[in-house]
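Counting starts at 1 for both ligands and their atoms, following the listed order. Just so we're clear, the structure is a prediction, and the values are computed from it rather than from any experiment.
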Amino acid sequence: MDELDRDPPAPPVGADAVAELVTIEQFLQDRRPEGASGDLTALLYDLALAGKLISNRTRRAGLTELMGASGVINPQGEEQKALDLYADDVVTSLLRRGGRVCAIVSEERPEPTIVDGTGTYVVVHDPLDGSSNIDSNVSIGTIFGIYPRLSDPDGPPDDGDWLRPGRDLVAAGYVLYGTSTVLVLSTGDGVHAFTLDPEVGEFVLTWADMHHPDTPAYYSFNHASSPLWDQGIGDFVAWLERPDTPQLSQRYIGSAVADFHRNLLHGGIYGYPAETGLPDGKLRMVYEGAPLAFLAEQAGGLGSDGHQPLLDVVPTTIHQRTPVFLGHRGLVERLQDMVDAAPGP
Ligand code: AHG
Ligand code: MN
Ligand code: MN
(Lines give C-alpha, C1' and ligand atoms only; values in the text may rest on other atoms or scores of the structure.)
(Ligands and ions follow the chains in the order given, each with its own letter.)
Protein backbone atom coordinates (compact mmCIF):
# COMPACT_ATOMS: atom_id res chain seq x y z
CA MET A 1 0.00 0.00 0.00
CA ASP A 2 1.18 3.46 -0.86
CA GLU A 3 2.36 5.56 2.05
CA LEU A 4 -0.31 8.22 1.29
CA ASP A 5 -3.29 5.83 1.42
CA ARG A 6 -2.75 4.93 5.00
CA ASP A 7 -5.08 6.08 7.78
CA PRO A 8 -3.67 8.99 9.71
CA PRO A 9 -1.64 7.86 12.70
CA ALA A 10 -3.64 7.37 15.86
CA PRO A 11 -3.26 10.27 18.27
CA PRO A 12 -1.00 9.54 21.21
CA VAL A 13 -2.87 7.86 24.04
CA GLY A 14 -4.55 10.43 26.25
CA ALA A 15 -4.36 13.28 23.73
CA ASP A 16 -8.13 13.85 23.90
CA ALA A 17 -7.98 13.91 27.66
CA VAL A 18 -5.18 16.47 27.51
CA ALA A 19 -7.20 18.68 25.17
CA GLU A 20 -10.01 18.69 27.72
CA LEU A 21 -7.75 19.34 30.68
CA VAL A 22 -8.67 22.52 32.53
CA THR A 23 -5.95 23.86 34.77
CA ILE A 24 -6.76 26.11 37.70
CA GLU A 25 -5.13 28.97 35.80
CA GLN A 26 -7.36 28.48 32.78
CA PHE A 27 -10.47 28.09 34.93
CA LEU A 28 -9.86 31.29 36.88
CA GLN A 29 -9.03 33.24 33.73
CA ASP A 30 -12.20 32.06 32.03
CA ARG A 31 -14.36 33.05 35.00
CA ARG A 32 -12.66 36.34 35.77
CA PRO A 33 -15.26 39.11 35.80
CA GLU A 34 -14.82 41.69 33.06
CA GLY A 35 -12.81 44.67 34.25
CA ALA A 36 -11.38 42.85 37.30
CA SER A 37 -7.77 43.78 38.02
CA GLY A 38 -6.59 40.18 38.17
CA ASP A 39 -5.26 40.66 41.71
CA LEU A 40 -7.68 38.15 43.21
CA THR A 41 -6.76 35.59 40.57
CA ALA A 42 -3.07 36.16 41.25
CA LEU A 43 -3.68 35.82 44.97
CA LEU A 44 -5.40 32.49 44.41
CA TYR A 45 -2.40 31.30 42.35
CA ASP A 46 -0.16 32.23 45.27
CA LEU A 47 -2.33 30.14 47.60
CA ALA A 48 -2.31 27.27 45.09
CA LEU A 49 1.48 27.47 45.02
CA ALA A 50 1.56 27.44 48.83
CA GLY A 51 -0.62 24.33 48.67
CA LYS A 52 1.86 22.62 46.32
CA LEU A 53 4.79 23.42 48.57
CA ILE A 54 3.02 22.26 51.73
CA SER A 55 1.79 19.15 49.93
CA ASN A 56 5.33 18.33 48.93
CA ARG A 57 6.58 18.69 52.50
CA THR A 58 3.64 16.73 53.86
CA ARG A 59 4.57 13.80 51.62
CA ARG A 60 8.08 13.88 53.05
CA ALA A 61 7.15 14.57 56.66
CA GLY A 62 7.90 11.04 57.81
CA LEU A 63 11.35 11.19 56.25
CA THR A 64 12.32 14.47 57.80
CA GLU A 65 12.10 16.13 61.17
CA LEU A 66 8.71 17.65 60.23
CA MET A 67 6.42 15.26 62.09
CA GLY A 68 7.26 16.24 65.59
CA ALA A 69 6.48 19.03 67.98
CA SER A 70 8.31 22.29 67.48
CA GLY A 71 8.45 23.05 71.20
CA VAL A 72 6.53 26.30 70.53
CA ILE A 73 3.05 27.06 71.93
CA ASN A 74 0.62 28.87 69.60
CA PRO A 75 -1.79 31.71 70.53
CA GLN A 76 -4.44 29.11 71.48
CA GLY A 77 -2.10 27.50 74.00
CA GLU A 78 -1.63 24.45 71.75
CA GLU A 79 1.75 23.04 70.96
CA GLN A 80 2.74 23.78 67.38
CA LYS A 81 4.07 21.03 65.17
CA ALA A 82 7.01 21.66 62.88
CA LEU A 83 4.67 21.34 59.91
CA ASP A 84 2.29 23.99 61.38
CA LEU A 85 5.19 26.43 61.42
CA TYR A 86 6.44 25.45 57.97
CA ALA A 87 2.95 25.86 56.47
CA ASP A 88 2.46 29.21 58.18
CA ASP A 89 5.83 30.42 56.86
CA VAL A 90 5.08 29.34 53.31
CA VAL A 91 1.67 31.03 53.18
CA THR A 92 2.93 34.21 54.87
CA SER A 93 6.04 34.53 52.68
CA LEU A 94 4.20 33.94 49.42
CA LEU A 95 1.47 36.43 50.27
CA ARG A 96 3.89 39.06 51.53
CA ARG A 97 5.93 39.17 48.36
CA GLY A 98 2.94 39.50 46.00
CA GLY A 99 1.99 43.04 47.08
CA ARG A 100 -1.72 42.23 46.88
CA VAL A 101 -2.51 41.82 50.58
CA CYS A 102 -2.34 44.41 53.35
CA ALA A 103 -2.76 41.97 56.23
CA ILE A 104 -2.63 38.26 56.98
CA VAL A 105 -4.40 36.62 59.93
CA SER A 106 -3.05 33.18 60.87
CA GLU A 107 -3.95 30.64 63.55
CA GLU A 108 -0.27 30.44 64.37
CA ARG A 109 0.37 34.16 65.00
CA PRO A 110 -0.95 36.15 67.95
CA GLU A 111 -1.56 39.30 65.91
CA PRO A 112 -2.34 40.02 62.26
CA THR A 113 0.75 40.37 60.07
CA ILE A 114 0.67 43.80 58.47
CA VAL A 115 2.18 43.96 54.99
CA ASP A 116 3.70 47.24 53.83
CA GLY A 117 2.28 48.69 50.65
CA THR A 118 -1.15 49.29 49.23
CA GLY A 119 -2.47 45.73 48.95
CA THR A 120 -6.23 45.61 48.64
CA TYR A 121 -6.98 42.20 50.20
CA VAL A 122 -6.82 40.54 53.61
CA VAL A 123 -6.16 36.80 53.87
CA VAL A 124 -7.20 34.74 56.91
CA HIS A 125 -5.85 31.20 57.18
CA ASP A 126 -5.38 28.06 59.20
CA PRO A 127 -2.11 26.93 57.63
CA LEU A 128 -2.37 23.34 58.84
CA ASP A 129 -5.72 22.00 59.98
CA GLY A 130 -5.81 18.66 61.77
CA SER A 131 -2.21 18.83 62.88
CA SER A 132 -2.75 16.21 65.60
CA ASN A 133 -3.20 13.78 62.69
CA ILE A 134 0.21 14.44 61.08
CA ASP A 135 2.16 11.68 62.76
CA SER A 136 -0.52 9.07 62.07
CA ASN A 137 -0.56 9.74 58.34
CA VAL A 138 -4.14 10.99 58.27
CA SER A 139 -5.46 13.77 55.98
CA ILE A 140 -4.73 17.36 56.93
CA GLY A 141 -5.34 20.65 55.11
CA THR A 142 -4.92 24.41 54.73
CA ILE A 143 -8.00 26.65 55.04
CA PHE A 144 -8.16 30.22 53.71
CA GLY A 145 -10.53 33.13 53.23
CA ILE A 146 -10.04 36.40 51.34
CA TYR A 147 -11.64 39.74 52.25
CA PRO A 148 -11.47 42.95 50.23
CA ARG A 149 -9.79 45.70 52.20
CA LEU A 150 -12.12 48.27 53.75
CA SER A 151 -9.59 50.78 55.12
CA ASP A 152 -7.95 53.48 53.04
CA PRO A 153 -5.03 51.87 51.12
CA ASP A 154 -2.93 54.99 51.80
CA GLY A 155 -3.02 54.35 55.54
CA PRO A 156 -2.46 51.25 57.69
CA PRO A 157 -5.10 48.48 57.70
CA ASP A 158 -7.13 48.13 60.89
CA ASP A 159 -9.39 45.75 62.84
CA GLY A 160 -12.33 46.56 60.60
CA ASP A 161 -10.49 44.84 57.74
CA TRP A 162 -10.54 41.40 59.40
CA LEU A 163 -13.11 41.49 62.26
CA ARG A 164 -16.12 41.26 59.96
CA PRO A 165 -18.81 38.83 58.92
CA GLY A 166 -17.93 35.96 56.62
CA ARG A 167 -20.58 37.34 54.25
CA ASP A 168 -17.94 39.89 53.22
CA LEU A 169 -15.58 37.17 51.93
CA VAL A 170 -14.87 37.37 48.21
CA ALA A 171 -13.26 33.94 48.12
CA ALA A 172 -12.55 30.99 50.38
CA GLY A 173 -11.15 27.54 50.00
CA TYR A 174 -8.94 24.80 51.30
CA VAL A 175 -6.20 22.49 50.17
CA LEU A 176 -6.64 18.94 51.41
CA TYR A 177 -3.52 16.76 51.69
CA GLY A 178 -5.11 13.34 51.47
CA THR A 179 -4.66 10.36 49.23
CA SER A 180 -4.31 13.08 46.61
CA THR A 181 -3.96 16.82 47.07
CA VAL A 182 -7.16 18.70 46.25
CA LEU A 183 -7.78 22.45 46.18
CA VAL A 184 -11.43 23.39 46.68
CA LEU A 185 -12.41 27.01 46.20
CA SER A 186 -15.19 29.44 45.63
CA THR A 187 -15.09 33.02 44.48
CA GLY A 188 -18.82 33.34 45.02
CA ASP A 189 -19.95 31.50 41.90
CA GLY A 190 -20.14 27.93 43.11
CA VAL A 191 -17.59 25.54 44.52
CA HIS A 192 -14.98 23.91 42.34
CA ALA A 193 -12.28 21.36 43.06
CA PHE A 194 -8.89 20.88 41.45
CA THR A 195 -6.69 17.85 41.98
CA LEU A 196 -2.93 18.20 41.95
CA ASP A 197 -1.35 16.08 39.24
CA PRO A 198 2.01 15.44 40.90
CA GLU A 199 3.67 14.47 37.61
CA VAL A 200 3.14 17.88 36.04
CA GLY A 201 2.69 19.92 39.21
CA GLU A 202 -0.65 21.40 38.09
CA PHE A 203 -4.02 21.62 39.81
CA VAL A 204 -6.52 20.23 37.30
CA LEU A 205 -10.29 20.75 37.46
CA THR A 206 -11.92 17.56 38.76
CA TRP A 207 -15.31 18.75 40.09
CA ALA A 208 -17.09 21.90 38.87
CA ASP A 209 -20.12 23.38 40.64
CA MET A 210 -20.13 20.98 43.56
CA HIS A 211 -23.40 20.65 45.42
CA HIS A 212 -24.10 19.05 48.79
CA PRO A 213 -25.93 15.82 47.92
CA ASP A 214 -29.63 15.92 48.80
CA THR A 215 -29.39 12.55 50.50
CA PRO A 216 -26.86 12.78 53.31
CA ALA A 217 -24.66 9.80 54.10
CA TYR A 218 -22.58 10.79 57.14
CA TYR A 219 -22.61 12.67 60.41
CA SER A 220 -19.28 13.69 61.89
CA PHE A 221 -19.16 14.61 65.57
CA ASN A 222 -16.66 13.54 68.20
CA HIS A 223 -19.07 11.20 69.92
CA ALA A 224 -16.78 10.68 72.89
CA SER A 225 -17.70 14.21 73.98
CA SER A 226 -21.47 13.61 73.93
CA PRO A 227 -21.83 13.66 77.75
CA LEU A 228 -20.42 17.20 77.62
CA TRP A 229 -22.84 18.58 74.98
CA ASP A 230 -25.87 20.79 75.59
CA GLN A 231 -29.19 18.98 75.43
CA GLY A 232 -30.18 20.28 71.97
CA ILE A 233 -27.08 18.78 70.35
CA GLY A 234 -27.62 15.49 72.16
CA ASP A 235 -31.27 15.50 71.02
CA PHE A 236 -30.22 16.08 67.41
CA VAL A 237 -27.65 13.29 67.35
CA ALA A 238 -30.09 10.94 69.12
CA TRP A 239 -32.66 11.83 66.42
CA LEU A 240 -30.09 10.98 63.70
CA GLU A 241 -29.55 7.60 65.31
CA ARG A 242 -33.21 6.63 65.54
CA PRO A 243 -34.26 3.77 63.25
CA ASP A 244 -37.00 5.88 61.60
CA THR A 245 -34.67 8.75 60.53
CA PRO A 246 -32.14 9.01 57.68
CA GLN A 247 -29.77 6.53 59.35
CA LEU A 248 -26.48 8.15 58.54
CA SER A 249 -23.16 6.46 59.11
CA GLN A 250 -20.89 8.07 61.66
CA ARG A 251 -17.45 9.12 60.34
CA TYR A 252 -15.07 11.43 62.17
CA ILE A 253 -11.50 12.08 61.09
CA GLY A 254 -10.56 14.88 63.47
CA SER A 255 -9.38 17.19 60.68
CA ALA A 256 -12.32 19.53 60.08
CA VAL A 257 -11.22 20.14 56.51
CA ALA A 258 -11.16 16.41 55.68
CA ASP A 259 -14.48 15.74 57.43
CA PHE A 260 -16.00 18.70 55.56
CA HIS A 261 -14.65 17.49 52.22
CA ARG A 262 -15.96 13.96 52.59
CA ASN A 263 -19.39 15.26 53.54
CA LEU A 264 -19.37 17.73 50.65
CA LEU A 265 -18.83 14.84 48.25
CA HIS A 266 -21.11 12.28 49.89
CA GLY A 267 -23.55 14.38 51.89
CA GLY A 268 -23.82 14.89 55.61
CA ILE A 269 -23.13 17.17 58.54
CA TYR A 270 -19.96 18.00 60.48
CA GLY A 271 -20.21 19.39 64.00
CA TYR A 272 -17.97 20.65 66.75
CA PRO A 273 -20.36 21.80 69.50
CA ALA A 274 -19.73 23.65 72.72
CA GLU A 275 -18.82 21.32 75.59
CA THR A 276 -18.67 21.58 79.33
CA GLY A 277 -15.33 23.31 79.81
CA LEU A 278 -15.29 24.55 76.16
CA PRO A 279 -18.25 26.97 76.15
CA ASP A 280 -17.49 28.19 72.62
CA GLY A 281 -16.35 24.87 71.20
CA LYS A 282 -12.88 24.43 69.75
CA LEU A 283 -12.85 25.74 66.20
CA ARG A 284 -11.95 29.30 65.36
CA MET A 285 -14.47 31.69 63.79
CA VAL A 286 -12.22 33.75 61.54
CA TYR A 287 -10.07 31.19 59.73
CA GLU A 288 -12.02 27.94 60.15
CA GLY A 289 -15.73 28.69 60.66
CA ALA A 290 -16.20 31.56 58.21
CA PRO A 291 -14.30 30.12 55.19
CA LEU A 292 -15.90 26.66 55.56
CA ALA A 293 -19.36 28.23 56.00
CA PHE A 294 -18.79 30.29 52.82
CA LEU A 295 -18.04 27.07 50.91
CA ALA A 296 -20.99 25.26 52.52
CA GLU A 297 -23.43 27.98 51.43
CA GLN A 298 -21.92 28.18 47.97
CA ALA A 299 -22.53 24.43 47.64
CA GLY A 300 -26.19 24.77 48.68
CA GLY A 301 -25.57 23.82 52.31
CA LEU A 302 -25.27 25.84 55.50
CA GLY A 303 -22.78 26.71 58.21
CA SER A 304 -24.18 27.57 61.65
CA ASP A 305 -23.07 28.22 65.20
CA GLY A 306 -26.17 26.34 66.35
CA HIS A 307 -28.43 29.40 66.30
CA GLN A 308 -27.56 31.51 63.27
CA PRO A 309 -25.55 31.32 60.05
CA LEU A 310 -21.82 31.53 60.80
CA LEU A 311 -21.50 33.99 57.92
CA ASP A 312 -23.57 36.54 59.88
CA VAL A 313 -21.42 36.44 63.01
CA VAL A 314 -19.16 39.46 63.54
CA PRO A 315 -16.07 38.31 65.46
CA THR A 316 -14.58 40.55 68.10
CA THR A 317 -11.14 38.92 68.30
CA ILE A 318 -9.12 37.09 65.63
CA HIS A 319 -8.76 33.81 67.54
CA GLN A 320 -12.30 33.64 68.90
CA ARG A 321 -13.81 30.18 69.08
CA THR A 322 -17.28 29.15 68.01
CA PRO A 323 -19.44 26.05 67.85
CA VAL A 324 -19.49 24.95 64.19
CA PHE A 325 -22.05 22.91 62.22
CA LEU A 326 -21.55 22.54 58.49
CA GLY A 327 -23.08 20.67 55.61
CA HIS A 328 -26.51 19.56 54.40
CA ARG A 329 -28.83 22.55 54.75
CA GLY A 330 -31.84 20.57 55.98
CA LEU A 331 -29.81 18.82 58.66
CA VAL A 332 -28.13 22.01 59.89
CA GLU A 333 -31.53 23.74 60.07
CA ARG A 334 -32.98 20.81 61.98
CA LEU A 335 -30.07 20.99 64.43
CA GLN A 336 -30.77 24.72 64.93
CA ASP A 337 -34.45 24.00 65.59
CA MET A 338 -33.63 21.32 68.14
CA VAL A 339 -31.07 23.54 69.88
CA ASP A 340 -33.60 26.37 70.08
CA ALA A 341 -36.33 24.02 71.36
CA ALA A 342 -34.19 22.46 74.09
CA PRO A 343 -34.41 23.84 77.63
CA GLY A 344 -31.44 26.05 78.52
CA PRO A 345 -28.50 24.62 80.49
P1 AHG B 1 -6.00 22.53 64.24
O2 AHG B 1 -5.14 21.34 63.90
O3 AHG B 1 -5.92 23.61 63.20
O4 AHG B 1 -5.79 23.05 65.64
O5 AHG B 1 -7.55 22.08 64.17
C6 AHG B 1 -7.96 20.87 64.72
C7 AHG B 1 -9.44 20.89 64.93
C8 AHG B 1 -10.27 20.40 63.76
O9 AHG B 1 -9.65 20.29 62.56
C10 AHG B 1 -10.80 19.05 64.18
O11 AHG B 1 -12.07 18.81 63.67
C12 AHG B 1 -10.78 19.15 65.65
O13 AHG B 1 -9.71 20.01 65.99
C14 AHG B 1 -10.58 17.81 66.30
O15 AHG B 1 -10.65 17.95 67.67
P16 AHG B 1 -10.97 16.71 68.65
O17 AHG B 1 -9.75 15.86 68.64
O18 AHG B 1 -11.24 17.39 69.96
O19 AHG B 1 -12.20 16.00 68.11
MN1 MN C 1 -7.74 23.93 62.34
MN1 MN D 1 -4.14 24.61 62.41
Side-chain angles (χ1 to χ4, degrees), residues 50-51 54 57-58 61 66-70 72-92 104-110 123-145 172-178 184 218-229 233 237 250-264 268-293 295-296 303 305 310 318-327:
I54 299 166
R57 277 298 174 103
T58 303
L66 281 165
M67 265 188 175
S70 65
V72 179
I73 303 296
N74 77 6
Q76 304 8 270
E78 298 153 349
E79 191 173 38
Q80 292 170 320
K81 307 276 183 176
L83 207 54
D84 282 321
L85 295 179
Y86 174 79
D88 179 61
D89 248 23
V90 166
V91 175
T92 308
I104 305 162
V105 172
S106 166
E107 179 191 359
E108 304 304 337
R109 300 188 185 231
V123 173
V124 296
H125 70 109
D126 175 355
L128 226 281
D129 178 63
S131 39
S132 68
N133 279 325
I134 296 171
D135 60 5
S136 38
N137 239 322
V138 173
S139 300
I140 50 180
T142 300
I143 305 171
F144 60 87
Y174 56 82
V175 187
L176 176 64
Y177 314 107
V184 175
Y218 301 116
Y219 71 107
S220 313
F221 288 66
N222 186 345
H223 228 300
S225 298
S226 60
L228 307 175
W229 297 338
I233 305 297
V237 172
Q250 199 265 358
R251 299 256 173 114
Y252 187 77
I253 295 171
S255 298
V257 65
D259 280 306
F260 178 88
H261 186 71
R262 186 203 49 248
N263 293 352
L264 175 59
I269 179 169
Y270 166 87
Y272 206 113
E275 297 177 0
T276 314
L278 278 181
D280 297 313
K282 181 180 182 192
L283 300 197
R284 278 54 58 110
M285 180 65 225
V286 172
Y287 39 78
E288 293 176 317
L292 292 178
L295 292 166
D305 67 359
L310 279 165
I318 59 171
H319 297 297
Q320 133 181 1
R321 295 179 194 269
T322 178
V324 167
F325 306 97
L326 296 157

Relative to the heavy atoms of [X], which atoms of ligand 1 are at a distance of less than 4.0 Å?
X      : answer
Glu288 : 3 (O), 5 (O)
Glu107 : 3 (O), 4 (O)
Gly254 : 9 (O), 10 (C), 11 (O), 12 (C), 14 (C)
Leu128 : 2 (O), 3 (O)
Ala256 : 8 (C), 9 (O), 10 (C), 11 (O)
Asp126 : 3 (O)

Testing the basics here: between [X] and [Y], what is the closest heavy-atom pair and its distance to 0.1 Å?
X      : Y      : result
Ile233 : Phe221 : CG2-CE2, 4.1 Å
Asp259 : Tyr252 : OD1-CA, 3.5 Å
Met285 : Pro291 : O-CD, 4.4 Å
Ala296 : Leu326 : CB-CD2, 4.3 Å
Arg251 : Ser220 : O-OG, 2.8 Å
Ala50  : Val91  : CB-CG2, 4.1 Å

| task | Carefully, step by step, assess Phe260 and Leu295 under the rule side chain to side chain contact (heavy atoms under 4.5 Å, CB included). | result | CA-CA 10 Å; Phe260 178 88; Leu295 292 166; 4.0 Å; yes

To the nearest 0.5 Å, what is the distance between [atom1] on [X] and [atom2] on [Y]?
X      : Y      : atom1 : atom2 : answer
Asp126 : Glu288 : CG    : CD    : 4.5 Å
Ile104 : Thr92  : CD1   : OG1   : 5.0 Å
Ser226 : Leu228 : OG    : CG    : 8.0 Å

| By atom name, which N, O or S atom of Glu107 is the nearest to the Mn ion (ligand 3)? | OE1

Please report which non-hydrogen protein atom sits nearest to [atom], along with the residue it belongs to and the distance in Å to one decimal place.
atom                    : result
atom 7 (C) of ligand 1  : Leu283 CD2, 3.7 Å
atom 18 (O) of ligand 1 : Tyr272 OH, 2.6 Å
atom 15 (O) of ligand 1 : Lys282 NZ, 2.9 Å
atom 11 (O) of ligand 1 : Tyr270 OH, 2.7 Å
atom 5 (O) of ligand 1  : Asp129 OD1, 3.2 Å
atom 19 (O) of ligand 1 : Tyr252 OH, 2.5 Å

| query | Just wondering, is there an N, O or S atom on Leu128 that's nearer than 2.8 Å to the Mn ion (ligand 3)? | reply |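 Here the distance criterion (N, O or S atom, under 2.8 Å) is met by Leu128, so yes.
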
| query | Does any N or O atom in Ser131 lie less than 3.5 angstrom from one in ligand 1, N or O only? | reply |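 Yes; the residue has a nitrogen or oxygen that sits under 3.5 Å from a nitrogen or oxygen of the ligand.
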
| Do any nitrogen or oxygen atoms of Asp259 come within less than 3.5 Å of a nitrogen or oxygen of ligand 1? | no

| request: Mind reading off the angle at the Mn ion (ligand 2) between the OD1 atom of Asp129 and the OE2 atom of Glu288, rounded to 10°? | output: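 Roughly 110°, rounded to 10°.
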
| query | Looking at the Mn ion (ligand 2), which N/O/S atom of Asp126 is the nearest one? | reply |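 Of all N, O or S atoms in Asp126, the Mn ion (ligand 2) lies closest to OD2.
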
| field | From Ile140, Asp84, Leu83, residue fulfilling side chain to side chain contact (heavy atoms under 4.5 Å, CB included) relative to Ser131 | value |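 Of the listed options, the one satisfying the test is Asp84.
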
| said: The test is side chain to side chain contact (heavy atoms under 4.5 Å, CB included); show your working for Gln250 and Tyr218 and say whether it passes. | reply: CA-CA 6 Å; Gln250 199 265 358; Tyr218 301 116; over 6 Å; no

| task | Check Arg284 against ligand 1 and report side chain, backbone, both or neither, counting heavy atoms closer than 4.0 Å. | result |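 Just the side chain.
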
